[in-house]
Every structure is written in structure tokens, then in C-alpha cells.
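Residue numbering restarts at 1 for every chain, and letters A, B, ... go by the order of the sequence lines. Below, all heavy atoms of this structure are taken into account, side chains as well, without hydrogens, waters or symmetry copies. The model shown is predicted, which means the values in this text are computed figures rather than measured ones.
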Amino acid sequence: MFPETLELVVVTPERQLLRESCAGVEIPGADGYLGILPGHAPLMTELGIGRLSSRSGNTEVQLAVIRGFAEVLPDRVTVLAEIAERGEEIDVPRAQAALQRAERRMSSQDSNIDWDRARAALQRALIRVQVARKRRTGAASGSQTVALG
Amino acid sequence: MPTLLDFRRRIRTVKNTQQITRAMKFVAAARLRRAQERALSARPYAKEIARVLRSTMARIENPQHPLLTKRREENVLVVVLTGERGLCGAFNTNVLRKAQDVIRANAEKKILVLPVGKKGRDAFRKRGYEFAGEYVNVLARVEFAVAREIAARITELYASAEVDAVYAVFNEFKSVLAPTLAVEKLLPVEGLASAEETPAEAAIAQVDYIYEQPKEHLLDKLLPRYVETQVLRAMLESSAAEYAARMTAMESATNNAGDVIEALTLHMNKVRQAAITREIIEVVSGASSTA
């Protein structure tokens, strides 16, 4: 028998961000996004840098997630993120500055650049800006739904 | 014979000291509340990562990892978490004594010390121990990044076989009144398998997981993270315990100052009264001799 909801738990080393039941969740796996619905087979994955969105009814919660692990059980998803932030917690000017810095570094011709680091910095900044912006536009234009895979 | 003025001065200085200790008590109480909250909010992650690590290890046949291999303990690293400052009762003394016990118990082995906190660094430097690094001025506000750095340092030492075991000695925060000392083995990682497996977990243990990445790769990422979590937990506990100890110490200092003031006031009044009595006698006897 399949459970009807998923219990979603998002924790970081410093705090617990989320513990709620939801109808579906999309998590940023290290090798691509994973859409999880109740009754999913047990699964374990490393997380990349990306957006976590959970859906229940008409409300959607989005978090910026940076690395970590996730464990999926039929009725429960546990996200052990290194860093996880809500849209409203994100310091947008700072993220934007980081984004510009990272872009400049990526486009420079300097051969001393640590490409992996630069790319990770770019991704981090990008996802923060996206999640923060999402919240804004979402709040301005009423409910905005995103189809989950 | 101290005069009235001497007493007044003494009382004033004790009062000043009392004001300071009282202020320090309130500061410690406020910080304690914050440290306590942080220690509490770090617990869910610690619990979950232990569970995930346990379940991953259970699914790997004969898990192999540099952080799991047990070696004969010849070089032992002791991580000692103390405070940065004094005026917190027996907090630092206790943890240093406990660390000494651990070192003495391993007397025949080579000991390396990694002090976290100024008090520990100074004490061990004076006693001439060899350091594997030192971290000071990091406990006033515990940062995950620092825990990470410490964890990276000890895992590196362990993986390169420079040390064969890592212990952490720290004050555990149980409650404000009952501080407890903890000695925990950080490396090699052990004691996961048997610990508190719930019936639900045991049922799930039968099912195999889908692994997005190879299990060994996940283990490789999970283990260092687990060590980081342990270090962070120790730091948060120690910091909360330090504020608790400071609060209690400053509270009793404030009370003691109150007692001293009371005793001094009593004494002063006696002296004052004696002086008045003497003067009256002088006046009376002077009057009766002229009459």
C-alpha cells in the first residue's frame, strides 16, 4: 500500500529547516534533479548544488541547497544538506556580487584559475539568486505553480 | 584598629566587585541561552547522519575505508576543548584534569595534543606537549567552518597513519547545574552498527536501496562529514557548558560578595557604636569631674 504523503525533513549541521508532510518533492541530486512522490523505492543519493522544491496542495516551498545527501524511503525523505537556505534568508546583493565575481573569473583568460572551484562558486551564487528571486515574483503575481518531474 | 573610614572603603570596593560579577552573570546567562539553542538545533542533523551512515554501512559488505581501519594504538591524538577565558569556576581545571587522565592511561604511547581554546593551549604548552595544531578564539561563537577545519586536520592525520586513534575530551552540557565530562573516540569511526537500531529501521534494512552513486563513493563522503558533525557537536556542547559554568561561578561570586558586605557592615556598626559609647563616657566623666 502506498502512503499518500511524504514526510520531508531538511537538516543542516547547524539547524533543522523543515519537517513537514508534502505531496511531492524535487531534490537536486549530484547527477541531476530527482522528482520524488510518495511510495518511492528506497534510494540514496549525493546532492549537488540546486533548488529543492516541495509541494503540498497549492503551496510550494523552495530552498537553495548546497551539497550533502538525501535518503528516500517510501514515506519519508531526509535531506542532509551542507547548506540550505530559504528564499527570504538569502542576502540577495551579496549573492549577486558573488555571481558577478564568479562570472568574471570564469570568463577571464587567466590560466591559474581553479576551474572546479570557480564553477562551484558560480553555481552557488546562481542558485541563491534564483531561489531568492523566485520567492519575490511568486509573492507578487500570486500563486505560481511549477510542474514537478 | 581599623577606623570607620577604612570600613567604608572596603565595603565600597566589595560592592563594585559585586556589580561586575553580577553583570558577568547576566551576560553569561544570555549567551548560555543562545548556545543552548544552537546545541539543540544541531542535534537533528547529528541523529540523521548517524542513521544514514549506519544504514549505508549495513548495506556494504565488509566496508573498507581509511577512517574505519583499526590499527594498534601507538600514536594517540587527544583533542581537548577548553574555554578561552577564566572566571568560570572549575570548568577549565576539570577538563584539563580529565585530559591528563586520558594521557596518563596511554602513557606508553606517543601523545599528540590538539587544544581548542586558549586555556588548554596555554596549559599544555607549559607542560611541554607536542601539538598537532591549535585552535584559539573559536569558541566564543562556534562556526561550522572551524569544526570542519579541525575535522579535516584530524582525518588527515589519521588517514596518513600519523596517529592511530583520536579522542576528544570536553565538557558535555547536560544541565546548568550538572556538568559532565565526556571522552569520545572520534577516530577510527566505530560503534555505529550496534547503536539504537529501531524496529522500523531493522525492517527497512532488509530492502536494498537504489544508489545514485556507488555505495563506496557515498561512504567516502559520509564518513568525513560524520566526523565533522561529531567535532561540531563537541564544540557546541563545550561552549554551552562553559557559559553555564561561568553563570554559576559568577552567581556564587555575587552571593559571596553580598555575605562579605553584610559581615563588614555589621563590624563597622559595632566599631561606630563603640566609638559613640566611648565619647559619651568621656563627656559624662568630664562633666562629673568638673561638677
Side-chain angles (χ1 to χ4, degrees), chain A residues 1-3 6-20 25-37 39-50 63 65-86 89 120 124 149, chain B residues 35 37-60 141-148 151 200-201 203-236:
Chain A
M1 208 184 74
F2 280 172
L6 278 170
E7 194 195 4
L8 174 65
V9 180
V10 181
V11 288
T12 72
E14 281 168 331
R15 63 195 173 138
Q16 177 172 310
L17 263 102
L18 222 57
R19 183 181 284 271
E20 57 172 32
V25 57
E26 199 184 36
I27 54 176
D31 304 322
Y33 279 84
L34 299 154
I36 312 283
L37 294 173
H40 199 287
L43 174 142
M44 173 82 160
T45 183
E46 199 188 340
L47 296 177
I49 299 172
L63 302 175
V65 169
I66 296 167
R67 299 225 165 89
F69 310 92
E71 184 199 39
V72 177
L73 295 174
D75 58 349
R76 194 178 144 90
V77 176
T78 311
V79 176
L80 297 154
E82 245 170 65
I83 299 170
E85 286 161 355
R86 289 193 184 87
E89 294 167 351
R124 276 199 304 271
Chain B
E37 266 164 33
R38 295 198 64 206
L40 280 178
S41 58
R43 274 185 198 162
Y45 185 89
K47 215 176 100 207
E48 295 295 344
I49 196 162
R51 194 177 56 77
V52 169
L53 184 58
R54 212 153 53 221
S55 95
T56 310
M57 295 226 313
R59 283 180 181 77
I60 298 177
R141 179 159 168 64
V142 176
E143 303 263 358
F144 181 50
V146 178
R148 214 162 180 186
E201 252 180 70
I204 289 161
Q206 311 296 323
V207 199
D208 205 7
Y209 273 44
I210 302 168
Y211 285 92
E212 283 279 297
Q213 289 84 20
K215 293 176 203 171
E216 291 71 21
H217 172 81
L218 280 172
L219 189 64
D220 202 46
K221 296 262 171 157
L222 272 167
L223 277 170
R225 188 63 16 92
Y226 178 72
V227 177
E228 281 167 15
T229 318
Q230 296 285 92
V231 174
L232 180 71
R233 191 184 80 89
M235 286 173 76
L236 289 171

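Side chains of Y45(B) and E14(A): no donor on one and acceptor on the other come within 3.5 Å.
Heavy atoms of L232(B) lying under 4.5 Å from chain A belong exclusively to its side chain. The parts of L222(B) that come within reach of chain A are both its backbone and its side chain, each placing non-hydrogen atoms under 4.5 angstrom from that chain. Within the 4.5 angstrom heavy-atom criterion, only side-chain atoms of R76(A), from C-beta onward, approach chain B.
Of all the listed residues (R148(B), E37(B), E228(B), R233(B)), the one sharing the greatest number of non-hydrogen pairs under 4.5 Å with chain A is R148(B).
Between V9(A) and L18(A) there is no side-chain heavy-atom pair separated by less than 4.5 Å.
Legend: residues meeting salt bridge (Lys or Arg N to Asp or Glu O under 4.0 Å) with E85(A), ordered by chain and number and at least two apart, are R128(A). A30(A) is linked by a side-chain contact (heavy atoms from CB on, under 4.5 Å) to E46(A), Q213(B), counting only residues two or more places apart in sequence or in another chain.
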